[in-house]
Every structure is written in C-alpha cells, then in structure tokens.
Chemist: 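The following block contains the structure, expressed as structure tokens.
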Amino acid sequence: MGERFLELKRKAFRIRLLKSILAAATAFFGCFGALALLSRYELLSIGRPLLWTISGAAFAAVWLVTFFLLRTSDRALAKRLDRRYGLQERVQTMLEYQNESDAIYELQRRDTEKALEKVSDQREAGQRLWVYALCLLLAAALFATSFVLRPAPEPPEEEVSAPFAITALQIAALEELVRYVNKSEMQSPYRENVAQAVTTLLQELKQATTEQERDAALSRAIGVIGTQTDASSAALELIDALWLCDSESAKLLAKALNYYDWPADAWETFDGQMADFRNTLVFTISPSEATLLFMTVGSHLMGAITQSGIPAEDGLCIALSRIAAANEENADGSHVYGLCTLSPLAELLWDADLQIELDETLAATSGALFTALSQHAANTGTGEYAITRICELFGHPVPKFERPHFREVSEEEEDGENAGEGVGGSVGGDAVFGSDDLVYDPIANEYVEYGTILERYAKLFRNWLDGNHTEQEKEAMEKYFDILKGGLKDEE
C-alpha cells in the first residue's frame, strides 16, 4: 500500500471526525434552542438542569451515530478515488495485490502512486463540509435566539374595584364613635388624636367611590389609632419585663398589674392579687432571706420600669417606684419605705414590725397604683374599642391586639439570651457593672446610673453587717452584690 494512499486515508479519518463533531454540536445547539423557546412560550415545562441534560445527551448520541455511519473501509475509499478521479480501478488493483512482490505489481503500484499525487487535497478535505457548517450556523442562531427572544408580556388585568358608597347608618355610627372617644377617660393628647383619626376617616369614606379607596382609608385610620393607643400606655412592656424576672414576687406583681384581664369588680381582683404579691415577701422566711428578697424584688421592679420606657411622670411609674424604693419621711412623723429601703432594716424589724411596714407601704401606694392602672386601662380600652368598632362597621379584619406574654422561659432560652453577658465585680473595689441603664433614685428624685444607686445600697449593707451575723450570711450578702454588679459567670 502506497504512502500517498495512507495519507489520503488519514485525511479521510480526520474529515470523518470533524463531521461528527459538527453534527453533534448542531444537535446540541438546535435541541437546546428549540426546547428553551418552547419552555419560554409555556408550550413545555422544562427546567434549566433538565434542558442542559437533554442537550448534552443529544450531543453524545449524534456524535456516536455520525462517527460510525461515516466509517469508510480501505476498499470503499479506493473505489471512491478511482471513480472520482478517473483512475480506472488502479487504486482498487493496488489494494487487491498489495501483498504481491512481482515486478509487474510493483510497476502497477508506482503508476498508481503517480496518479494519486495528482489528487487534490482541498477537494478531498471540503467534501460536503459546508453542509455541516451551515447546519451548525443555523443551530447556533437558534441557540442565541432562545436567550434573546421573549414572548410579549400580557397586559395586566385591570383591577375592577367594586363600587362603594357609605351608608347613612355608617355615617351615624362613626359620628357616635367620635363623640364616644371625646367623652372617654383616655388621656390627652391621645384622646383628641384618636377622635381626629375617626373624623378624618369619615371624611375620606364620604368621598370614596370604590372598595379599594374604602380599604385604604380604613387601613390608614386603624394604623393611626393603633399608634396612638400604643403610645398612651407602656404598661404592657412593664408587665412583660416584670414577668421575665427570675422572682415569684415579680411575676405575681406582673399579674396584679395585668388590667387586661380585669372583670367588672376590678378592685377586688387587683386587691387580691396584690395580697398574693405581699404574702411572698414575708411569710416563712428568715431575716437574712427577707433582706435579700426585698432588695432583689425592688431592683427587679426598678429595672422593669427602666426597661419599659414608661415616662417618669406617669402615675404608674410613680406608684411602682415608691413600692420599689420610697424613703419618705412626713412632717407628722409617718413614713413610707419601699422594698429597697426596708431591705437593710429587715432584721431590726423582724418580723411583725416588718410586716406592718410592708402593709403600710402597700396601703400608701395601692390606691394610686390602681388609679394609674385604671387610666392605662381607659387608654387602651378606648383605642382598641375604636378600632374594633370601625372594623365591625365595614367588615374589615380586626387586628390582633397585644397582650402580656405570661409564659415561662426555658433554661435553654435563658442560656442563649444571656450567653456572654455579665462581668465580675466586687462590692469593695472598682466595679464594672452589668448594666448602664438609668434607674429612678427616690432619694435624689432623679434618674441615675444603675451602678450609682447600687453602690449606695452596698455601702449601707457593709455598715449594717456586724458581729451578730455569721460569716455565711456576710458571704451571701457580698455574693449578692457581686451578682447585681457583674452578673453570673458561666461556671456559676
């Protein structure tokens, strides 16, 4: 077999491989483009991952099929060369007698080689390649089009809102609601703001012609009234803050402040709950335990007041601050001592006198506390009633009103919330306090930093501790103030 024939055979293989790749690429681009367009026009539902998978499978299948279909044997190649270039079966004869060594066959092979030298490489290389290239170009165009061509967006459906016209009964009901709010016991300026919101709503509803306009006006009015109602009372935040304190007394006080659950005989309910709160402070405990308990509850109460953000001039803030830390000496000789003030005196007054002092403190503050809670109840009740009445009149969903969250916090939740908090401190040294919050100082009648008032009580305790106290009691007192200043460490 001549060298020229082998060269043409290798060229034929390369052409076969190139055609297979062109055909496979055509299948890939064509399949991807067609399926992508069908999916984009929602004629098929094919995701991108599946689309790439199908196109890749088409590439592999077409390459294999084309590669094997274009396979050409030596005999077929020789026959094609003889026919295409008019070689009168020279190549076939050379192939037939390639293993013969006689002189006549050698001459025939040389003659065939000379004839094959005249075969055009370009003609052999370009046989029908343009067809494959054209198909690939068209498929690539389809592939590119699938990324560019998009269906024309459908025109949005016009929202046809049902017509609306406020009725005379609804007008009369809203006018009555305005009068009700103006006559209510809700504090100013919240009362006037809520009444104005209802008045504005009535004006907007008289001009509204569709339900869409009605609903927009209702949403605005409910939002304004809700904002004014929330601003009129911080009792909810105060109750929640007390409930989260790790103290049974603080939790019972939180329940006593929960005016949301008050029945018709509100005073009896409140008085009974305050009695439960009072009983946790004095019964079945020792003087040292009373000292620690009074200081703990008083500190919790002052912290909850600060955390809630309730104004200092609010009656609820004033009443609770007196329970926590009052130190009032009256001209007639009487006095009112809050829990933090009674704490250092617990052992001296134990226990009948301590109970008397506690009863006098609660007696002096409970009336004002109930009055303040009644005012908050009026504020909340008026705002929530206005919202509920508006929703009922126009079939609008009534929003869910916030209520105290009386639920126990699990140990896991506490660990997650307190992770990383607290820095160690000592009563006698430079303290790094666990909080920089401002708390009410009943002696100075102003808000001071948490550490300032805590240092004062720590100093009182150090002066109070004497030889009558055991080392264990002294250590407990020091430990207590360490915790108040720096919090608990992880190992504790």
Side-chain angles (χ1 to χ4, degrees), residues 234-258 273-310 320-321 323-325 338-344 346 358 362 403-427 431-440 450-451 453-454 457-458 461 472-473 475-492:
L236 177 67
E237 291 78 5
L238 177 61
I239 294 171
D240 282 342
L242 273 175
W243 180 260
L244 293 177
C245 295
D246 187 18
S247 165
E248 180 186 2
S249 301
K251 293 182 185 295
L252 287 175
L253 180 57
K255 287 187 175 182
L257 300 180
N258 182 27
Q273 291 174 331
M274 288 298 292
D276 293 338
F277 162 68
R278 179 258 187 208
N279 292 339
T280 63
L281 297 175
V282 293
F283 289 157
T284 65
I285 56 177
S286 65
S288 59
E289 289 175 333
T291 298
L292 182 60
L293 179 60
F294 278 33
M295 179 61 72
T296 300
V297 176
S299 300
H300 282 327
L301 182 51
M302 294 308 300
I305 292 172
T306 302
Q307 184 178 344
S308 68
I310 189 170
L320 291 176
S321 296
I323 293 176
L339 296 176
C340 292
T341 306
L342 287 173
S343 178
L358 181 61
L362 295 179
R403 292 294 182 264
H405 300 91
F406 289 146
R407 66 180 184 87
E408 296 295 338
V409 180
S410 66
E411 294 182 1
E412 292 78 5
E413 290 175 325
E414 289 180 348
D415 291 342
E417 291 174 359
N418 297 331
E421 293 182 1
V423 181
S426 72
V427 175
V432 181
F433 299 109
S435 171
D436 291 328
D437 291 339
L438 297 179
V439 296
Y440 179 72
Y450 173 78
I453 195 169
L454 186 58
Y457 285 110
F461 267 98
Q472 185 177 6
E473 290 175 337
E475 183 179 350
M477 291 296 103
E478 294 288 341
K479 183 63 176 177
Y480 169 71
F481 281 101
D482 279 345
I483 294 173
L484 287 182
K485 287 186 175 184
L488 287 170
K489 298 180 181 178
D490 292 341
E491 63 270 17
E492 297 173 324

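None of these values were measured; they are calculated from a predicted model. The chain is numbered in sequence order, starting from 1.
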Chemist: So how far is it from L236 CG to H405 NE2, rounded to the nearest 0.5 Å?
Modeler: 7.0 Å
Chemist: Considering residues at least two apart in sequence or located in another chain, which fulfil the side-chain contact (heavy atoms from CB on, under 4.5 Å) criterion with A235?
Modeler: S233, Y259, L316, H376
Chemist: So, taking the atom named OG in S247 and the one named CG in L293, what distance separates them when rounded to the nearest 0.5 Å?
Modeler: 6.0 Å
Chemist: Could you tell me the separation between the CG atom of L301 and the OG1 atom of T306, rounded to the nearest 0.5 Å?
Modeler: 9.5 Å
Chemist: Report the C-alpha distance between K255 and I239 in whole Å, list the side-chain angles of each, state the deciding distance to 0.1 Å, and finish with yes or no for side chain to side chain contact (heavy atoms under 4.5 Å, CB included).
Modeler: CA-CA 8 Å; K255 287 187 175 182; I239 294 171; over 6 Å; no
Chemist: Looking at every heavy atom in both A346 and P287, which two are closest together, and how far apart are they?
Modeler: CB-O, 4.0 Å
Chemist: Does S343 reach the main-chain N or O of L339 with its side chain, forming a donor-acceptor pair under 3.5 Å?
Modeler: no
Chemist: Locate the shortest heavy-atom distance separating P344 from C340; write the atom from each residue and the value.
Modeler: CD-O, 3.3 Å
Chemist: Do the non-hydrogen side-chain atoms of F277 and V297 ever get within less than 4.5 Å of each other?
Modeler: yes
Chemist: Can you tell me how far apart CD1 (I323) and CD1 (I305) are? Round to the nearest 0.5 Å.
Modeler: 8.5 Å
Chemist: Decide yes or no on side chain to side chain contact (heavy atoms under 4.5 Å, CB included) for S321 and M302, but give the supporting numbers first.
Modeler: CA-CA 7 Å; S321 296; M302 294 308 300; 4.3 Å; yes
Chemist: Which value, rounded to the nearest 0.5 Å, describes the distance between K251 atom NZ and H300 atom NE2?
Modeler: 9.5 Å
Chemist: Which residues satisfy the side-chain contact (heavy atoms from CB on, under 4.5 Å) test with S308, sequence neighbours excluded?
Modeler: E237, L238, I310
Chemist: For the residue pair P404 and D240, what are the closest heavy atoms and their distance?
Modeler: CA-OD1, 3.4 Å
Chemist: If you round to the nearest 0.5 Å, how far is CG of L362 from CG of L281?
Modeler: 7.5 Å
Chemist: Within a strict 4.5 Å, meaning less than it, do heavy atoms of the M274 and L253 side chains meet?
Modeler: yes
